[in-house]
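Here is the structure we will look at.
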Protein chains: 2
Amino acid sequence: MTAKDTRTQILDTAQELIQRVGLNAMSYADISTAVGIRKASIHYHFPSKDNLVVALLDRFSSYFFRLFDVILDSPESPEIKLRRYCDLFIATLSSGNQDKACLYGMLGAELKTLNSSSNEQVLKFYRDNQTRLVQLLQQGRETGEFKFPGQVESMAMVIFSMLEGGILVTRADGGVAQFREMVEQLIQVVKG
Amino acid sequence: MTAKDTRTQILDTAQELIQRVGLNAMSYADISTAVGIRKASIHYHFPSKDNLVVALLDRFSSYFFRLFDVILDSPESPEIKLRRYCDLFIATLSSGNQDKACLYGMLGAELKTLNSSSNEQVLKFYRDNQTRLVQLLQQGRETGEFKFPGQVESMAMVIFSMLEGGILVTRADGGVAQFREMVEQLIQVVKG
DNA sequence: GTCTATAGCGCGATAGAC
DNA sequence: GTCTATCGCGCTATAGAC
C-alpha cells in the first residue's frame with residue numbers, strides 16, 4: 001500500500017470540498033491546508049482552477065460510468081440493477097461525514113459560473129445517465145418486472161432528477177435514512 | 001403603477017442573480033450595477049450579505065406558501081392541485097431568461113456556506129413543502145384519484161426531490177419542455 | 001438615502017530560489 | 001516538485017460628506 005501521489009491527494013481533497021461547500025466556496029488555500037502543501041505547489045499540478053475542475057470531472061465521470069456499466073452488463077434482474085444504481089448515490093451521500101452531496105449535482109447548481117468545457121462535461125454526465133437509465137428501464141419492461149405507465153425516457157428523467165434532488169434535500173433534512181426510504185418508494189412505483 | 005422602492009429592487013435583483021449563478025458567485029457589485037446604485041447604498045438597506053439572504057428567503061417563502069395554500073384550499077380536484085403545484089416550479093424556470101433555477105434549490109447546494117439562520121430557513125422550506133404535499137396526496141387517495149403504492153410521506157419526498165432536482169437537471173439540458181414532460185410522467189405515476 | 005473613498009482581507013496566479 | 005514572496009484583483013464592510 002504505497003501512499004497516494006500528490007496529484008491524487010489534491011483531486012481527492014478538491015472533490016470532497018466541492019461536494020461539501022461547492023466549487024465557488026472552495027479555494028486553493030483550503031486544499032493546501034488539507035493536503036499539507038503550499039498553494040504554489042497545487043498550481044504546479046493544476047495551473048488554473050478551471051484546469052483542476054476539468055480533471056476532476058473527467059476522473060469522476062470515468063469512475064462512475066465504469067461502475068454503472070458493470071451494473072448494466074451484470075446478469076442480475078432489472079430491479080436489482082436499479083437498486084445498485086441508486087446505491088451509487090447513497091454511497092456518495094454516506095461516505096465520510098454526512099455533509100456531502102453529489103459532485104455533479106453541486107456543479108449543476110453552479111453551472112453558470114463554469115467555463116464552457118466544464119459546462120459541457122456536466123451536460124454530458126446528465127445525458128449519459130439518462131441514456132443508460134432508459135436501457136435499464138427497457139430491460140425491466142421486457143422481463144415484465146417493471147410496470148410503470150408512460151415512456152421510458154420520461155421515467156428515466158423522473159428517476160435521475162429525483163436522485164440528484166434527493167441528495168440535496170435529504171442532506172438538509174433526514175439524511176441517508178430518508179434517502180433510502182425515497183429510493184424504496186421509487187422502486188415500488190417502477191414495479192407498478 | 002408606482003416605481004418599486006429601492007429595497008424591493010435590491011431583493012428582486014439579488015434573487016435573480018442567486019437563481020442564476022448562486023449565492024457565492026453573486027456580489028454587492030453585481031446588484032449595484034443592475035439596480036443602478038452604489039454598493040454602499042445596498043449596505044444601508046442590508047448591512048450584511050447574511051442579512052440580505054435572510055430577508056430574501058423570508059420573502060420568497062411567504063410568497064410561495066401563500067400560493068401553495070391557495071392551491072390546497074381550492075375546490076379543484078387533487079390532480080389539478082398537484083399540477084398547479086408543479087406549475088409553481090415551472091413558472092420559476094420559465095420566467096425571464098432560461099438560466100434560472102429554484103431559489104431554495106440553489107441555496108440547498110450552498111447550504112454548508114450559509115449562516116445558521118438561513119440554514120434553518122432552507123430546512124424549514126423543505127419540510128413545509130413535504131408536509132403540504134402529504135396533505136395533497138392524502139386528499140387524492142381519499143377521492144380515489146391517486147392510486148400509487150407505498151406511503152404518502154415517501155411519495156411526497158419523491159415528488160419534491162424530483163422537482164428540485166429536475167429544475168437543475170433540465171436547466172443544463174432540455175429546458176422547460178423537458179421539465180413539463182417529467183411532470184406529466186409524475187402525474188401518470190401518481191394516478192397509477 | 002445615496003454618495004465617494006478606503007480599509008482589510010482572501011482569492012487565483014506567477015516568479016524565481018532550492 | 002515544493003518552497004517563499006508577492007502581485008493585482010474583487011470582495012464585504014465602514015466612515016463620513018452631502
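In this text, all values refer to a predicted model and were calculated from it rather than measured experimentally. First the proteins, then the strands, lettered A, B, ... as listed; each starts at 1.
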Nearest-angstrom distance from the residue atom CD1 of A:I37 to P of D:dT2: 6 Å
Specify the separation, in whole Å, of atom OH of B:Y28 and atom P of C:dT4. 18 Å
Aromatic plane relationship, B:F125 with B:F65 - under 30° parallel, 30 to 60° tilted, over 60° perpendicular: tilted
Atom-pair distance (CD on A:Q9; C1' on D:dG1), nearest Å: 13 Å
Heavy-atom closest pair (B:L137 atom, B:F146 atom, distance to 0.1 Å) is O-CD1, 3.8 Å
Whole angstroms only, please: what is the CZ-C1' distance between B:R38 and D:dA15? 17 Å
Take B:V21 and B:D30 through the side-chain contact (heavy atoms from CB on, under 4.5 Å) test and state the conclusion after the steps. CA-CA 11 Å; B:V21 301; B:D30 295 331; 5.8 Å; no
How long is the line joining CD1 of B:I31 and P of D:dA13, in whole Å? 11 Å
Expected list for residues 39-47 of chain A near DNA chain D, using heavy atoms below 4.0 Å, is A:A40, A:S41, A:Y44, A:H45
Salt-bridge present (A:E184, A:R180; N to O < 4.0 Å): no
Return no unless some side-chain N or O of B:T6 is found under 4.0 Å from OP1 or OP2 of C:dG1. no
Using side chain to side chain donor-acceptor pair (under 3.5 Å), reason through B:Q19 and B:Q15 one step at a time and then give a plain yes or no. CA-CA 6 Å; B:Q19 287 184 241; B:Q15 183 174 332; 3.0 Å; yes
Given atom CG of B:D30 and atom P of D:dG10, what is their separation to the nearest angstrom? 11 Å
Atom-pair distance (CG on B:L17; P on D:dC11), nearest Å: 11 Å
Among A:R83, A:K81, A:R84, exactly one meets salt bridge (charged side-chain N to carboxylate O under 4.0 Å, His left out) together with A:E76. Which residue is that? A:R84
From C:dA13, D:dT12, C:dC11, nucleotide with atom closest to B:S27 side chain: D:dT12
